[in-house]
2 protein chains.
Amino acid sequence: MRRRRFGNAPAGAGVVTMSDVASRAGVSAQTVSRVIGRPEMVTEETRKRVHDAIRELNYIPNEAARNLASNSSRVVAVIIPTLSSSAFSAQVKATIDTLELRGISVVIGNSEYSVLREEQIIQTLLERRPMGFILTGLHHTPRAKDLLRQSGVPVVETWDTDTAPLDCAAGFSNIAAGHDVGSLLAARGSRRIAFVGGAAHQDSRANGRFIGLAKALEEADLPPPLRIELVLPMSTQDGISGLDQVMQKAPMTDAIFFSADSLALAALLECNRRGLRVPEQLAICGFGDFDLASLVTPALTTVKIQPDVMGRTSAELLLARLDGDDKPASVILQHQLIRRGSA
Amino acid sequence: MRRRRFGNAPAGAGVVTMSDVASRAGVSAQTVSRVIGRPEMVTEETRKRVHDAIRELNYIPNEAARNLASNSSRVVAVIIPTLSSSAFSAQVKATIDTLELRGISVVIGNSEYSVLREEQIIQTLLERRPMGFILTGLHHTPRAKDLLRQSGVPVVETWDTDTAPLDCAAGFSNIAAGHDVGSLLAARGSRRIAFVGGAAHQDSRANGRFIGLAKALEEADLPPPLRIELVLPMSTQDGISGLDQVMQKAPMTDAIFFSADSLALAALLECNRRGLRVPEQLAICGFGDFDLASLVTPALTTVKIQPDVMGRTSAELLLARLDGDDKPASVILQHQLIRRGSA
DNA sequence: TTGTACGCGTTATCAT
DNA sequence: ATGATAACGCGTACAA
């Protein structure tokens with residue numbers, strides 16, 4: 001009863017197996033496997049015969065069988081808060097591009113800024129026995145950490161290096177970045193400063209930036225920043241809502257640090273529209289250095305963080321671990337304060 | 001020799017198998033399988049015992065074994081030109097969210113706007129025996145089409161409905177959208193119109209928009225549009241370069257249709273900076289209705305296309321096919337011309 | 001360099 | 001409602 005067909009697999013898929021190729025080429029299945037996996041172990045002559053058979057039969061290896069037999073999956077799991085943010089999508093793209101060179105594919109999970117959803121996604125993705133996880137941030141549920149530890153999968157955390165990673169991290173210091181912004185605002189003469197960003201319990205990275213900002217203001221003997229917390233996920237329009245909330249609660253505010261350029265750009269454009277002069281009446285600083293940041297008028301002062309480098313580096317760190325490096329050093333990427341016209 | 005460990009799988013991963021759970025619960029492996037896959041076939045009593053055993057042993061099913069035995073993968077392959085475009089990432093996010101509800105994960109491929117790379121990615125991803133493919137556009141290499149046909153995998157194509165789909169499509173008419181823009185520009189009195197967008201051989205969707213534009217201008221007895229083709233992938237800054245090229249080749253141009261809002265926004269902001277009055281001296285129309293389109297001054301006239309709906313719909317179409325609908329009807333999503341201040 | 005034997009962990013089938 | 005048995009397609013280990 002060969003050629004049994006179960007499941008919802010399309011007819012015709014996977015019909016041709018390795019042993020079909022083997023018979024056709026007049027070799028054993030094992031030789032076919034070698035031609036595919038370690039061609040150098042096979043004579044050029046037989047290699048050619050096998051390749052011909054593969055082509056003639058349109059053979060396509062079955063990754064599931066490969067995974068089961070080799071106990072290794074060629075899949076890496078990446079969990080980010082959301083794909084609808086240019087920073088995260090740039091990061092993921094770089095990760096995909098880096099891992100693709102090694103024949104590894106990426107499965108993405110969106111946590112929607114919830115550590116509980118993250119935990120659930122980890123559990124589900126663990127069924128695919130991924131070679132590793134790339135997570136966002138350093139904060140996870142205890143159960144999520146347990147799951148990861150027990151499974152023994154390498155983990156790389158991104159976007160934050162302000163506390164200890166589970167395993168290793170490729171990120172930057174949000175506190176230092178926020179501190180830089182605070183120092184700049186203080187130095188330029190702003191005195192009543194506000195912070196607009198994602199809620200602390202949802203976005204610990206934004207929280208880090210706030211902490212850094214607050215510290216810098218304290219060091220400059222300025223009053224602590226007003227903080228407006230936005231519920232995630234947030235839209236660009238929320239930048240305007242943040243601006244309004246600030247102006248309502250503290251009309252004397254003379255500078256706002258937004259935790260993302262999308263918000264800052266929306267607010268800046270709205271100020272232009274309302275005739276509120278930036279930076280004279282209100283200084284604005286963003287975070288992320290989005291494409292349009294340098295093009296608006298006044299150009300947006302912001303912090304550049306290179307999410308693509310983070311995506312590539314996190315993938316490389318994972319590959320290093322898979323290649324035997326038991327404890328690769330975390331990589332702290334440098335952020336860069338880019339001063340333009342808005343602050 | 002049980003507990004053999006091969007491959008690069010982390011120690012401890014997958015150590016607990018279904019039969020371990022079975023012994024612990026005092027049932028057969030098959031019953032454990034049923035508890036996981038079709039709980040309703042099992043007594044509440046045994047179900048509880050099995051669940052307890054699962055929890056006590058921290059059992060995590062092995063998806064590869066499941067795939068091999070059931071001949072079905074719970075994976076859908078999505079190929080897009082690039083993830084670094086808010087439209088594509090919004091689409092992919094919606095696809096992931098939709099399929100996740102059915103326990104299906106998504107593997108992403110970036111074609112970098114090359115049908116050859118797309119072909120190569122299709123071949124690689126086919127090894128995972130995906131339940132279906134979601135592709136961008138209707139143009140693929142002959143070999144890519146062969147691979148898909150032979151594998152028998154359902155295919156949904158997105159972003160274009162102007163020619164016949166391989167299987168079914170969830171998209172919109174680029175020609176109609178371009179035509180709407182052309183009609184608007186003609187009606188508002190623009191006479192020397194240019195088009196700036198991705199090169200035709202790389203981006204057949206942008207090409208469709210150009211064709212529609214040209215047709216509308218012809219119908220309005222206007223001269224054919226100047227066309228500036230940008231090499232993909234393009235950055236936001238290329239909007240400025242497109243603007244410059246237009247002004248150099250045809251200084252009398254009084255309207256530009258950009259194939260993406262990112263380009264249009266960059267150009268519009270640059271016009272503001274240069275003191276070129278929009279729309280009086282130069283009308284600008286974008287495509288995509290990005291977040292900031294309504295916030296710039298003047299607000300950007302553009303075409304709205306709802307990539308998230310396309311992502312969800314394409315996933316639903318695929319699910320319909322998997323649920324037995326042999327030939328689900330393609331879905332033509334309506335684009336919407338949004339007239340604002342810039343044209 | 002190539003072939004043989006076996007096991008990977010699960011689901012499908014069929015029997016009870 | 002539950003169990004026994006046989007695949008699923010491939011890689012590993014070892015023999016030739």
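A quick note: this is a predicted structure, and the numbers were derived from the prediction, not measured. So you know, we letter chains A, B, ... as the sequences are listed, proteins then strands, and number each from 1.
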What pairs with B/Asp97 under side chain to side chain contact (heavy atoms under 4.5 Å, CB included), at least two apart in sequence or on another chain?
A/Asn110, A/Glu112, B/Lys93
Run the side chain to side chain contact (heavy atoms under 4.5 Å, CB included) test against A/Arg143 and tell me which residues pass, sequence neighbours left out.
A/Glu119, A/Gln123, A/Thr141, A/Leu147
Can you tell me which residue pairs pass the side-chain hydrogen bond (donor to acceptor under 3.5 Å, both in side chains) test with a partner in residues 36-47 of chain B, sequence neighbours excluded?
B/Glu45-B/Arg49
Where along residues 36-56 of chain A does a heavy atom come under 4.0 Å from DNA chain D, residue by residue in number order?
none
Contacts under 3.5 Å, N or O only, protein and nucleotides 14-16 of chain C:
none

I'd like to check the ring-ring contact (aromatic ring centres under 6.0 Å, His included) partners of A/Tyr113; sequence neighbours left out, ordered by chain and number.
none
Mind calculating the distance between CG (A/Asp20) and P (D/dC8) to the nearest angstrom?
11 Å
Using a cut-off of less than 4.0 Å, is there contact between a side-chain N or O of A/Ser28 and OP1 or OP2 of C/dG3?
yes
Whole angstrom is fine here: how far is it from CG in B/Asn71 over to P in C/dT10?
17 Å
Rounded to whole Å, CZ of A/Arg66 lies from C1' of D/dT12 at a distance of 15 Å
Restricting to side-chain hydrogen bond (donor to acceptor under 3.5 Å, both in side chains), what partner residues turn up for A/Asp52, sequence neighbours left out?
A/Lys48, A/Arg55
Does B/Arg102 come within less than 4.0 Å of B/Asp323, counting only side-chain N to carboxylate O?
yes
For B/Glu63 and C/dG9, what is the distance between atoms CD and C1' respectively, to the nearest whole Å?
12 Å
Got a donor-acceptor pair under 3.5 Å from the side chain of A/Gln30 to the base of D/dT12?
yes
Distance check needed: D/dG9 C1' versus A/Met18 CE, whole Å only.
8 Å
Among C/dT2, C/dT10, C/dA12, find the nucleotide with the atom closest to the side chain of A/Thr31.
C/dT2
Taking C/dT10, D/dC10, D/dG11 as options, the one with an atom nearest any side-chain atom of B/Ala69 is C/dT10
Across all chains, not counting sequence neighbours, the salt bridge (Lys or Arg N to Asp or Glu O under 4.0 Å) partners of A/Arg205 are A/Asp203
For D/dG11 and A/Ser33 - does any side-chain N or O of the residue sit under 4.0 Å from the phosphate oxygens OP1/OP2?
yes
Rounded to the Å, how far apart are A/Glu127 CD and C/dT10 P?
10 Å
State which residues pass salt bridge (Lys or Arg N to Asp or Glu O under 4.0 Å) with B/Arg34; sequence neighbours excluded, sorted by chain then number.
none
Return the value, rounded to whole Å, for the distance between atom CG of B/Asn67 and atom P of C/dA12.
12 Å
Given side chains that start at C-beta, do those of B/Leu126 and B/Phe133 come closer than 4.5 Å, heavy atoms only?
yes
Rounded to the Å, how far apart are B/Leu68 CG and C/dA12 C1'?
13 Å
